[in-house]
Each structure stands twice: as structure tokens, then as C-alpha cells.
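Values reported hereafter were calculated over all heavy atoms of this structure, with side chains retained and with hydrogens, waters and symmetry mates removed.
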Amino acid sequence: MRRFVSAVGVAALAALGPGVAPAEAAPGHPDAEVAGVAAAFGLTDGQARDQLAAQDRAHRLAATLPASVRAQAAGEWFDAATGRLTLAVTTSEAADEARAAGAAAQVVARSRAELDRTAAAVRAVVGAGVPGVYGWGVDVRANDVGVDVDRTKKTAATESFLSRVRELGVRITETTTSPRQQSGTIQTGNPWWPGSESNCSVGFPVTDSAGAKHFLTAGHCTNDRDQAAYGASGQQNRIGTSNVGGTHSVNAREGDMGVVAVTEAGWALSASVNTWGQPAITLSGAAEAMVGDRVCHSGNTSHWQCGEVKYTHKSADYGGGLVIDDLTWTTACSLGGDSGGGWLLGDKATGLHDGGPSQCVQNPSDGDLSLFQPVIEALGKWQLTLVTGGGDPTPPGAPANPRVTGTTATSVSLAWDASTGDATAYDVYNGATLATSVAGTGATVTGLSPDTAYTFTIKARDAAGHTSPASPAVSARTQAGGGGRTLANDTDYPIRDYQQVFSPVTSALTGQAATPLTVAVTIRHTCAEDLGVTLLDPNGRGYPLKYSGGSTCTAWNGTRTFTVPASSPAGGRWQLRVTDYGPGDTGTLDTWSITL
């Protein structure tokens, strides 16, 4: 599953999950947001303001929950009916802890680890796509994994797929519609034209490390390398160039996000969001939305629309082999031409518009929802800083007292004193190279060489992307030798038709695992195409190594090596899961190893 990497230039990456920035308190919500939420949910302006204030309180509580409570949560969401943060937990004791921390609690049957395992198994069965199947992922409020099917596109292959995933205990929702990718001063929501193609919408203005101007938008609007970008139809009023060098656009499993370089004279970047007749909103930072949140988006066609987040980290299949993981699904209306436009959580950037329905409907089913790419991932991928306004431009102070707290042959653990000023994210540098970004005042730098001296510094970063001076340098030497970080299980496990094999290893290592991880798997099997292979980390999160699928069987005899972009503590119980999805074949998992 794709997860968010370090979000350079955004708010703290804290309690809501990897790469997440909690929504901060604000003196008041923008009038455009209040009006949009009121219209979307049939509320008065006063009721909308009360609901948004409760949403803020839920985010603040989520960001400060004790680690013991977060570890037991199978999911969390904002419940607009009660105005509270709600946690799903599996025991009455955990429910009591959640309530004591100030949250509402709902006792459920499935843990987060179980939900993640089921979701990973569904992804393995989906493979490169199944006719009519357009979405799958965890529904935290229902405490299950759901699969969405457009019944008008079903085939025999769809029925075969559904019979397999029913065995996994998933919930299947059938609709008669399905989402599609929409196409069509630099200000969020304004139109722009990629070459001679139909218009898209501006997402968010950003700058790179050198201060050069760009804006974020959808990857499917920037898929052509070095394509001219225009501010008017008919290839007029050039802005700059999209997807410079062919390395600034993604429209695949990783996400739907792209960058346009603003190079032409006369174009300025604005932190003001076009709200189409409502008072403009000035961006203050970036944040991750949670299920139940009220969010709004600005696009060239549907203009200013608001709705509720129904799912996060849910996959979508648009057909033709285009599968995108970890999208956020909402009830807000959207139309063709909105692609790439900005989604907001209050006055914070939260997403880039990806896709939606062919027309807006009341009480939308899953097939009529609008989808967006979380923006924090795009900021981190290309090391971009969001253009913001109205905040304090003073950068945070330099972190103090950096110190070494531990070493191994391939890692160094560091700690430091918190920065003064408004900092919650920190960048750790190995010499002049960014090694990692974290939310707290400690980090482990991995992937180092044994018996080698290194020098580290730390910089603080605020929600608007302002960076502090570097901390004093701290030196460390890794331990001699390189052993101890490769673990293996060489027990033979028979692989049988339609069954799963779990082979564990237990790590006593401290600190973070290497990124990426290296996994070597040795299998003897008569049909590799029937096998799905997944790595499960100590938190129960699944990382697919190999998907099943293929019309012709070929044997797997020997070792295959995989790299995994995981983010996990090194210590704990790691498992390799091998699932056989086909009949009439035999095999054995001989051995596997993981280098942490």
C-alpha cells in the first residue's frame, strides 16, 4: 500500500498516521467554506460553523492521543452527528482508554492489522484489474473491507473474482455507475490548458528548493513530457512547461499528481483560492483529511463544491490497466475539467482532484463519489513548498543540543531539543544530504556503512515551509561489522490450492528499518502466476511483493529479490504471506530473508 513519505514544507506529521499533518485551530473558518458546507449538508451558516469547530477539536484530539490508545485503534473518524472524534477498538478495555482520553469509542470485531491484511489480499486478487471492479479499500466506520462493482460492466471474470474475495469476508457494493478521471495570476481552481488538449484546473502554487515557481495539479493532466502549459484556450497566454524532463508526473498506482513549471514573465503565484463568488480563502498550510471531515474543492467546471470524506487510502480502477492506490473518496460534486484542482480542509491544502462522476447527483453512491490525491505526498515527492499567506513569515529557531542515542553497523539514532517557534516537523541531514524527515525530536538514520564516521545536522520546518538554521553538527561512527540485520526463516511450508502460508521472523533490532527494505524469497512452485506474495510488518501493514494473475503458468524455482518502500520500526514480528489463488498446482516456500 502506498503511504506518505516525508512532507517537506507542510505541517507536523503526527498522530493520524504516516505523513499526516493534524489540522490546527483557527480563529474562524473562511466564509466560503462555511457557505459551501452549509449548502452541501442543508445547514444554516451558524450550524456549519459549529460543525467545523467540532471537526477542528476532533483533529486536535487525534493529534494528542496517547500512543497506547492509537496502537489499539482499528480506525478513527469525525462523527458530525455527535461532533466528536470516534475510535474503533476491539476490546472493552481499549474503549475505556479511548473514552478516558476524550474520544468516543466503538467496539468492533476487526483490528487494524486484520483490515490491512484483508485489503492487501484483495489487491492481490485484483491484480491488473477486473471488469466492473472500480474501487476497494478499508471502510473504518463499517470496520470492513469493501469492494465496489459497476454491475453494468460485469463479466464472467467479475463473477469469478467476486467468489474469491467473498471468501475473504469483504463487503461487496454494486452500483450502476463508476467514477472516471476528469480532464479538461496562478490561483487554485483556475483553468489551465496542457498543449492543445482540453483544460484542467490549477491545484496549488508551490516553489522548489531554489525558489523557482510551479503549481501542482493532476498527473493525468501532465502525462506528456515537456508539454507547453497555457492560461487560455487555443494555445495562448503561455504559463510554462509541464512535466519537465519527464520526471514530474505520476498517473499510476503511486498516485495522480504532476507539476507545471511557471517560467513565463508576468505570472505570479497566489496563496488565494478561487472560491467562485465566495470570499477568497488564503492558504495557511497543508493537512491530511480523515473520514467524516467536511472538505471543499475549487475547479474550473463545478466551481466551489463541498462534501464529506467517506473513505481514505482507498484504491480506484479506472479501467485500461489504470489502478491508483490510496485515494480519498468524498461526496462532493465534481465535473470534467475540475481535474487537478485543489481540495481544502479549512484553509489548508489537502488534495488534488483526481476523478469523479459524469454528473452530480443527490445522495451519491460509491459510483458517484469524487476522488482526490492527498497533496502531502506530492509535496514530499518533489520536495516542494506550498505558497501560503497571512501567517507569521518568521522561520522557527534552530534545534538545540543534538546528540547520538545509539548506533548499529548500519544506523545512527539521534535526539535533539525542540526548536523555538512554530515547528512540529524536522529534517535530518547526513552531511549536505537530506536523510529523513520526522515529526518529533528523535530519528534513526539507516542504510549507513559499517565502521564509518558521519556528521549530522537538523533543521526545523514550519507548516508554511519556512526552514530554520541548522543545528550544531553532531558526529557519530557506526559499529564495526555488518551482520545482524538480515533475518531469515528457512522452514519449509507447503503451498496448497486456495490457501495462505505465513512464515514469520522476529527482530530484536531497535530503531527504524532500512528504506527500502530488501526481501529475498525462494519458492518451488508449478505456477508462479497463481501466487500472491506480501510482506507484513510488525504493525500488521501489508506490502505486496508480487501480484497473482496471468493466463499461462510458469514455474518458480529459485530466489527472487524484491525491494519494498516500507516505513516501519525494525523490531518485532515480520511475516511473509504467500497466497495460492489457483487450482491444480503444488509447491513449497523454501526460505525467505529480510534485510532490515
Side-chain angles (χ1 to χ4, degrees), residues 23 29 32-43 47-48 51-52 54-55 58-59 75-83 86 134-142 144 146-150 171 173-182 189 201 256 275-276 278 287-299 301-316 318 324 326-336 338-339 341-346 350-375:
H29 280 261
E33 181 193 20
V34 172
V37 169
F41 296 97
L43 305 173
Q47 289 170 329
Q51 197 172 90
L52 291 169
Q55 179 174 296
H59 274 266
E76 64 277 319
W77 63 92
F78 169 62
D79 187 338
T82 64
T86 302
Y134 64 85
W136 55 93
V138 174
D139 184 340
V140 295
R141 287 184 286 200
D144 63 14
V147 173
D148 295 306
V149 182
D150 185 342
R171 172 177 47 83
T173 301
E174 294 198 7
T175 65
T176 57
T177 55
S178 53
R180 60 193 179 92
Q181 282 197 325
Q182 298 159 331
S201 297
D256 183 16
T275 55
W276 303 93
Q278 297 287 341
E288 171 77 356
M290 73 164 72
V291 169
D293 275 343
R294 274 55 183 141
V295 291
C296 303
H297 76 102
S298 179
T301 308
S302 69
H303 293 173
W304 182 247
Q305 300 287 338
C306 301
E308 178 182 290
V309 174
K310 190 171 183 182
Y311 310 109
T312 59
H313 303 301
K314 181 170 180 175
S315 301
Y318 290 114
I324 302 177
D326 292 298
L327 295 174
T328 300
W329 297 47
T330 82
T331 62
C333 166
S334 66
L335 296 170
D338 289 340
S339 283
W343 284 79
L344 285 86
L345 180 65
T350 194
L352 303 168
H353 188 70
D354 169 63
S358 57
Q359 61 182 350
C360 296
V361 299
Q362 296 292 323
N363 301 316
S365 68
D366 283 6
D368 301 308
L369 299 181
S370 296
L371 288 62
F372 68 77
Q373 158 73 46
V375 73

Looking at [Y], is its backbone amide N or carbonyl O close enough to the side chain of [X] to form a donor-acceptor pair, meaning the two atoms are under 3.5 Å apart?
{"X": "Ser298", "Y": "Gly342", "value": "no"}
{"X": "His297", "Y": "Cys333", "value": "yes"}
{"X": "Thr350", "Y": "Ala287", "value": "yes"}
{"X": "Thr312", "Y": "Val291", "value": "no"}
{"X": "Tyr134", "Y": "Asp150", "value": "no"}

Would Thr175 and Asp366 count as having a side-chain donor-acceptor pair, cut-off 3.5 Å?
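No donor-acceptor contact under 3.5 Å links the two side chains.
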
Side chains of Arg294 and Gln55: donor-acceptor distance under 3.5 Å anywhere?
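Gln55 and Arg294 do not have a side-chain donor-acceptor pair below 3.5 Å.
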
How long is the straight-line distance from [atom2] of [Y] back to [atom1] of [X], given to the nearest 0.5 Å?
{"X": "Glu308", "Y": "Asp293", "atom1": "CD", "atom2": "CG", "result": "9.0 Å"}
{"X": "Ser201", "Y": "Leu352", "atom1": "OG", "atom2": "CG", "result": "11.0 Å"}
{"X": "Asp148", "Y": "Arg171", "atom1": "CG", "atom2": "CZ", "result": "7.5 Å"}
{"X": "Met290", "Y": "His59", "atom1": "CE", "atom2": "NE2", "result": "4.0 Å"}
{"X": "Asp338", "Y": "Gln305", "atom1": "CG", "atom2": "CD", "result": "8.0 Å"}

Aromatic plane relationship, Trp329 with Tyr311 - under 30° parallel, 30 to 60° tilted, over 60° perpendicular:
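Tyr311 vs Trp329 ring planes: perpendicular.
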
Please examine the side chains of [Y] and [X], heavy atoms only from C-beta on, and report whether any two atoms are closer than 4.5 Å.
{"X": "Asp354", "Y": "Trp343", "answer": "no"}
{"X": "Lys310", "Y": "Arg141", "answer": "yes"}
{"X": "His313", "Y": "Asp326", "answer": "yes"}

Going by the side-chain contact (heavy atoms from CB on, under 4.5 Å) test, name the single residue among Val361, Leu369, Asp368 that passes it with Ser365.
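Filter result, single survivor: Asp368.
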
